[in-house]
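See below for the structure under consideration.
Heavy atoms only: backbone and side chains are in, while hydrogens, waters and symmetry mates are out. Residues: numbered from 1 along the sequence shown. Source: prediction; values computed, not measured.
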Amino acid sequence: MEEYTFKIIPRSYKPKIKQFVADNFMPDEPIMRSLGMSMNYMLGAFCDDAVNNGHSIMALDGDGNIVGLRLMELVTPDMWLAKYGSKFRWWFVPKIAWTFRMKKLYERYKVYACIARRLEYDIWALFEELNCRKILAASLLVTAKSVRGKGLGAELVKRGETRARENGCEWSAVIVTGIYSV
């Protein structure tokens, strides 16, 4: 992995991160692809939140281009704004979409929320279940199409886990959906 530089994503990179996700994640991730999702306000806010947390990692090639990233947050049970903001978002977006007859958006979020519910993915419930105080919520792992299958994703996971341990995380939580995730 000597040909790449790894660093914490600075806030100034948020527009580049969203574009990288739109170009390299959205077209290939199975759920996003099947729902016809594209970068929108909600997904952009999701990326911004992960970058703002200060723990997400990117890989840059020799020319300084982003070739991979791992969006992640170190979450604690006292992050009540994040907890209720995320729960509110999943409740609010479908209601607004239904109210304003945005059928496509309503159906997409309904399906995505159903998948998350069926997988029983609730980062907030894990604190009590695992009896811990800090969890790494690994939100997204993506590499550029040109470097897939060469170990960059695995290296981003390793570096993310190391960073989490260095910051006192005892557990990680992730939903894995892509062919490259195996």
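Applying the side chain to side chain donor-acceptor pair (under 3.5 Å) rule to Asn52 yields the partners Lys14; only residues at least two apart in sequence or on another chain are considered. Under the rule for a salt bridge (charged side-chain N to carboxylate O under 4.0 Å, His left out), Asp23 has no partner lying at least two apart in sequence or in another chain. Partners of Glu161 under the side chain to side chain donor-acceptor pair (under 3.5 Å) rule, at least two apart in sequence or in another chain, are Arg70, Ser172.
When the shell of 6.0 Å around NZ of Lys16 is examined, it contains 12 or fewer heavy atoms from other residues, nucleotides or ligands.
Across Lys145 and Pro27, no two heavy atoms sit closer than the pair NZ-CG, 4.2 Å. Pairing each heavy atom of Val21 with each of Cys47, the nearest pair is CG2-SG, 4.1 Å. Contact between Lys7 and Pro10 at its shortest, heavy atoms only, is CE-CD, 4.3 Å. For the residue pair Ala173 and Leu126, the shortest heavy atom distance occurs at CB-CD1, 3.8 Å.
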- Leu156 and Met72: side chain to side chain contact (heavy atoms under 4.5 Å, CB included), yes or no, with the steps? CA-CA 11 Å; Leu156 284 162; Met72 55 190 200; over 6 Å; no
- Would you please test Asp48 and Arg11 for salt bridge (charged side-chain N to carboxylate O under 4.0 Å, His left out) and show each step? CA-CA 8 Å; Asp48 288 347; Arg11 290 178 181 211; over 6 Å; no
- Query: Would Leu69 and Asn24 count as a side chain to side chain contact (heavy atoms under 4.5 Å, CB included) if you check the C-alpha gap in whole Å, the side-chain angles of each, and the deciding distance to 0.1 Å?
  - Reply: CA-CA 10 Å; Leu69 58 90; Asn24 295 282; over 6 Å; no
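Side-chain atoms of Glu73 and His55, non-hydrogen and from C-beta on, never get closer than 4.5 Å to each other.
Relative ring orientation between Phe127 and Trp124 is described as tilted, the plane-to-plane angle lying within the 30° to 60° band.
With hydrogens and angles ignored, the 3.5 Å screen pairs no side-chain donor or acceptor of Thr143 with any backbone N or O of Leu152.
Taken from CD1 in Ile9 to CZ in Phe20, the straight-line distance is 9.5 Å, to the nearest 0.5 Å.
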Sequence neighbours excluded and cut-off under 3.5 Å, please list the side-chain donor-acceptor pairs for residues 57-68, or say none.
{"residue": "Asp61", "atom": "OD1", "partner": "Asp63", "partner atom": "N", "Å": "2.9"}
{"residue": "Asp61", "atom": "OD1", "partner": "Gly64", "partner atom": "N", "Å": "3.0"}
{"residue": "Asp61", "atom": "OD1", "partner": "Asn65", "partner atom": "N", "Å": "2.9"}
{"residue": "Asp61", "atom": "OD2", "partner": "Asn65", "partner atom": "ND2", "Å": "3.4"}

Counting only pairs under 3.5 Å, give me each side-chain donor-acceptor contact of residues 131-142, with atom names and distances, residues two or more places apart or in other chains.
{"residue": "Lys134", "atom": "NZ", "partner": "Asn167", "partner atom": "O", "Å": "2.6"}

